[in-house]
Amino acid sequence: MLDLAYLRENVNVAHDRLASRGFSLDTETFQRLDGERKNIIVELERLRQVSKKGSEELAKLAREVKDISEKRNQLKAVSQQIKDKEEALRTVEEKVFQFVSTIPNLPDPAVPIGLTDEQNVEVRRVGELPSFDFEPKAHWDLCPPLGILDLERATKITGSRFPLLAGAGARLERALINFMLDIHTKEHGYKEIVPPFMANSNSLFGTSNLPKFEEDLFKVRDTDYYLIPTAEVPVTNIYRDDILDGQRLPIKFAAYSPCFRSEAGSYGKDVRGIFRQHQFNKVELVKFTRPEDSNAELESLVGDAEEILKRLKLAYRVVIHSTGDMSFAASKSYDIEVWLPGQNAYREVSSCSNFDAFQARRANIKYRPRAGEKVRFVHTLNGSGLAVGRTWIAIVENYQQKDGTVAVPGALQPYVDGQTVIRPESVI
RNA sequence: GGAGGAAUGGGUGAGUGGUUGAAACCGGCGGUCUUGAAAACCGCUGUACGGGGAACCGUACCGGGGGUUCGAAUCCCUCUUCCUCCGCCA
C-alpha cells in the first residue's frame with residue numbers, strides 16, 4: 001500500500017514512476033475520491049463538534065433543573081445528520097481503499113527500466129558450468145530409473161504438478177532443508193521459525209497476496225484460511241499490528257515451509273518434471289529493518305541465499321528485475337538462477353525483494369527508533385534461501401554421472417549419513 | 001463439544017451513562033541535586049485524520065462490528081481472541 005499522504009502531494013510523480021512498471025495510475029479518480037472524502041470529513045467533524053458542545057450544554061441545563069426538551073430535539077436532529085455523514089464517509093473510504101490497495105509499489109530508482117523480463121540485468125555469474133563427456137539428462141529422465149522420483153503415481157494421489165519423492169530422493173529433500181536452515185541460523189544470524197501453513201485473509205492482505213492475486217491461492221473451504229504460497233506470508237505477519245523496539249532491528253527469521261500455489265495461468269509452462277509444482281518446499285528468509293538500512297540488507301540477504309549454492313558448488317547467476325518484471329509489492333528484486341544442464345539454462349531458485357514500507361503499511365508493522373520518539377513503519381524484505389525442490393533438481397542434474405548415478409555434494413554428505421552416490425534402488 | 005471468566009495507553013492496572021484521552025504504578029524522556037552515578041524530588045511522555053507559520057486547536061480511537069441515548073470505556077446485541085474447569089483427541 002502506498003502512503004496516502006505521499007500520493008496526495010505527488011500524484012503526478014507517482015503516476016510517472018508507476019508507468020515505468022506498466023501500471024497506469026488514474027490520477028483523476030484518485031483526486032476526485034480523495035476530495036470527496038475530505039469534504040465529508042470536514043462536515044462530519046463540524047457536526048460532531050455541534051453535538052458535543054450541545055450535549056454539554058444540555059447536561060448543564062439538566063443540572064439546573066431547566067427545560068431540556070427543545071435542546072434535546074435539536075440535538076436529536078444533529079445526531080441523525082451525523083449518522084448520515086458517517087454512512088457517506090464509510091462508502092467513500094471503502095472506494096479509496098479499494099483504489100489504493102490495487103496500486104503496486106513504486107520502483108526503487110536503482111531498478112532498470114523495462115516492461116518485461118528482457119530488460120532484467122544480469123548482475124554477476126558465479127561458479128563454473130559443469131562439463132560432461134556425455135549428454136546430460138533432464139531430471140525427469142534421470143530420476144525415475146533411480147527410484148527417487150515417481151511422476152506418474154503422484155498424479156493418482158492428487159493430479160498434475162505434485163511431487164512424489166522416495167528413498168534417497170526423499171532423504172535428499174529433507175537433507176537440503178536441514179542444510180539450508182543450519183547455515184542461515186548458525187552462520188547468518190537468522191532465528192528459526194515454524195509458522196502455520198495456512199493463513200487468514202488479513203495476513204494475505206498484509207503481504208499483498210490479496211485482494212489482487214486470489215486466483216493464485218488455494219483456499220480452504222468454508223473458512224477464512226488459505227494454504228500459504230510461501231512462508232513469507234505467516235512470518236511477515238508475525239508482527240502485524242505491532243510496534244517493535246528500534247534497538248532490536250534488524251530482525252531476521254528463517255522458516256521452512258511447504259508452499260502451495262495454484263499456478264493459474266501457467267498452463268503448458270514447465271509441464272515436465274517437478275520444476276513448477278502446486279506444492280513445493282522452501283526455506284524462506286524474512287527481515288524487518290530500519291528504512292535507511294533496507295537496501296543494504298537486501299544485498300546481504302541475496303548473499304545469504306547465494307552461500308547455499310556456493311557450498312553446493314552449483315553455478316548460478318544473479319539478475320536484477322526490471323521495473324516491469326517485479327512483483328506487485330516489491331520496490332527492488334533480485335533473482336538467483338541456478339544452472340540446469342538438463343535444460344541448458346539458468347533457472348530461478350530464489351527471488352529476493354525489498355518491499356520498503358509497502359507491506360508494513362498494509363500489515364501495520366511499526367517501530368520506535370528510540371524511546372520517546374515517534375513510531376515509523378519498518379521495511380520488510382524476504383527471499384528464498386532457497387527453493388528446495390528446484391535445488392534438488394539442480395543437484396541431480398549437475399551431479400549426474402555417465403552411468404546414470406548421481407554424486408552427493410560433499411557439503412550435503414553429513415546430512416545423508418555420509419552417502420556419496422545415489423544409485424538405482426527399488427522403485428516404490 | 002459443554003460450563004464459566006476476561007479483553008482499557010509501551011507494560012501492570014483503576015474506572016458502570018455527562019470536562020475520562022482516560023487515575024495510580026512501572027518503564028521512557030527532560031530537569032533539580034551530585035565531582036560522577038544511584039537514590040530522592042519536579043515536569044513531560046499514545047495513535048490517526050483535519051486546520052494553522054508556530055506555540056496550538058478540532059475530531060476519532062478503551063479487542064472488532066452493530067444498537068440504545070441529546071451524550072457510551074461504562075447499557076444491549078453480535079463476532080473474535082485469551083484464560084479456567086469438564087469431555088474428546090495426535
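Just so it is clear: chains get the letters A, B, ... in the order the sequence lines come, proteins before strands, and each one is counted from 1. As a basis for the values below, the full set of heavy atoms in this structure was taken, side chains included, without hydrogen atoms, waters or symmetry mates.
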*asked:* Applying side chain to side chain donor-acceptor pair (under 3.5 Å) to Y256(A) and N281(A), what does each step give before you reach the verdict?
replied: CA-CA 7 Å; Y256(A) 153 75; N281(A) 291 314; 2.7 Å; yes

*Go through the side-chain N and O atoms of D224(A) and S201(A) and say whether any donor and acceptor fall under 3.5 Å apart.*
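Yes.
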
*Side-chain donor-acceptor pair under 3.5 Å between K282(A) and T230(A), yes or no?*
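Their side chains do contain a donor-acceptor pair, which is all the 3.5 Å distance test asks for.
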
Rounded to whole angstrom units, what separation is found between the [atom1] atom of [X] and the [atom2] atom of [N]?
X      : N      : atom1 : atom2 : value
K85(A) : G50(B) : NZ    : P     : 18 Å
N73(A) : G71(B) : CG    : C1'   : 15 Å
L89(A) : A48(B) : CG    : P     : 18 Å
L47(A) : G50(B) : CG    : P     : 19 Å
F97(A) : A48(B) : CZ    : C1'   : 16 Å
R46(A) : C49(B) : CZ    : C1'   : 18 Å
R90(A) : C61(B) : CZ    : P     : 13 Å
I40(A) : A60(B) : CD1   : C1'   : 16 Å

_Short side-chain N/O contact to C70(B) OP1/OP2 from K76(A), under 4.0 Å_ =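 Answer yes for this pair, as a side-chain N or O of K76(A) is under 4.0 Å from OP1 or OP2.
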
*S51(A) side chain N/O closer than 4.0 Å to the phosphate oxygens (OP1, OP2) of G71(B)?*
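For G71(B), neither OP1 nor OP2 has a side-chain N or O of S51(A) closer than 4.0 Å.
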
Inter- and intrachain pairs under ring-ring contact (aromatic ring centres under 6.0 Å, His included), touching [range], at least two apart:
range                       : answer
residues 28-86 of chain A   : none
residues 58-85 of chain A   : none
residues 181-200 of chain A : H184(A)-H188(A), H184(A)-Y190(A)

For atom [atom1], what is the distance between [N] and [M], given to the nearest Å?
N      : M      : atom1 : result
C42(B) : G51(B) : C1'   : 34 Å
A6(B)  : C61(B) : P     : 24 Å
A14(B) : A72(B) : P     : 25 Å
G50(B) : G64(B) : C1'   : 25 Å
C44(B) : G9(B)  : C1'   : 16 Å
G11(B) : U20(B) : P     : 24 Å
C33(B) : G18(B) : C1'   : 45 Å
G43(B) : A23(B) : P     : 14 Å

Among [options], which nucleotide has an atom closest to any side-chain atom of [X]?
X       : options                : value
L75(A)  : U68(B), G58(B), C70(B) : C70(B)
V42(A)  : G50(B), C70(B), G10(B) : G50(B)
K38(A)  : G71(B), G58(B), G50(B) : G50(B)
K366(A) : U59(B), U47(B), G71(B) : U47(B)

_Testing the basics here: between S257(A) and I228(A), what is the closest heavy-atom pair and its distance to 0.1 Å?_
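Shortest heavy-atom contact: OG-CD1, 3.5 Å.
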
*Under 6.0 Å between ring centres, would you say that holds for H379(A) and F358(A)?*
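No.
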
_I'd like to know whether the aromatic ring centres of F97(A) and F205(A) sit less than 6.0 Å apart in this structure._
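F97(A) vs F205(A): aromatic centres under 6.0 Å.
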
*Worked verdict on R311(A) versus E307(A) for salt bridge (Lys or Arg N to Asp or Glu O under 4.0 Å)*: CA-CA 6 Å; R311(A) 300 279 177 102; E307(A) 184 61 26; 2.7 Å; yes

*Assign each of I243(A) and A5(A) to its nearest nucleotide of RNA chain B by heavy atoms, then name whichever residue's nucleotide is nearer the 5' end.*
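Comparing both residues, the 5'-ward one is I243(A).
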
*asked:* Heavy atoms within less than 4.0 Å of RNA chain B: which residues of residues 52-60 of chain A have one? Give them sorted by number.
replied: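 When residues 52-60 of chain A is checked for heavy atoms under 4.0 Å from RNA chain B, the hits, listed by number, are K52(A), S55(A), L58(A), A59(A).
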
*Report which part of the nucleic acid R48(A) touches: base, sugar-phosphate, or nothing (heavy-atom distance under 4.0 Å, all strands).*
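Sugar-phosphate, backbone atoms only, no base.
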
*Using Watson-Crick and G-U wobble pairs with both distances under 3.5 Å, what is the 5'-to-3' dot-bracket string of RNA chain B, with [ ] for crossing pairs and | for pairs outside the strand?*
((((((((.[[[..)..(.....]]]((((((.......))))))((((((....)))))).[[[[[..)....]]]]])))))))....

*Is any N or O donor-acceptor pair between the side chain of E45(A) and the base of G50(B) shorter than 3.5 Å?*
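Absent.
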
*For Y367(A), enumerate each residue passing the side-chain hydrogen bond (donor to acceptor under 3.5 Å, both in side chains) test, keeping only those at least two apart in sequence or located in another chain.*
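Not a single residue meets the side-chain hydrogen bond (donor to acceptor under 3.5 Å, both in side chains) criterion with Y367(A).
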
